[in-house]
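Written below as structure tokens is the structure these notes are about.
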Amino acid sequence: MQQGIHPEYNEIKVSCSCGHTFQTRSTAGKDLLLEVCSKCHPFYTGKQKIVDTAGRVDRFRQKYKSKRSATKTDSAQDDKKSA
């Protein structure tokens, strides 16, 4: 490790809007204020809403199914005409 080229790695205080605080080390050099931390984030607290991704995919497929099948039949008919 070369001397004089690395930033200082100091201990800082991290504060969340929920009131949770903890100490860590950082090169930022100043205290951090967070909006969300692991104590209040829905993913870590188990209060996260699960999005029905499969339902969205099914709706997308149904919406564009007729357009895709119509395009395939049109191109198939064009091939028959040219032959």
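Throughout, numbering of the chain's residues begins at 1 and tracks the sequence.
Under a 4.5 Å side-chain heavy-atom criterion applied to ILVMFWY residues, the cluster that includes I5 comprises that residue alone.
Once rounded to the nearest 0.5 Å, the distance linking SG of C37 with CG of L32 reads 12.5 Å.
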Kindly list each side-chain donor-acceptor pair under 3.5 angstrom involving residues 12-27, sequence neighbours excluded, with atom names and distances?
residue : atom : partner : partner atom : Å
S17     : OG   : E35     : O            : 2.7
R25     : NH2  : Y9      : O            : 2.7
S26     : OG   : A28     : N            : 2.9

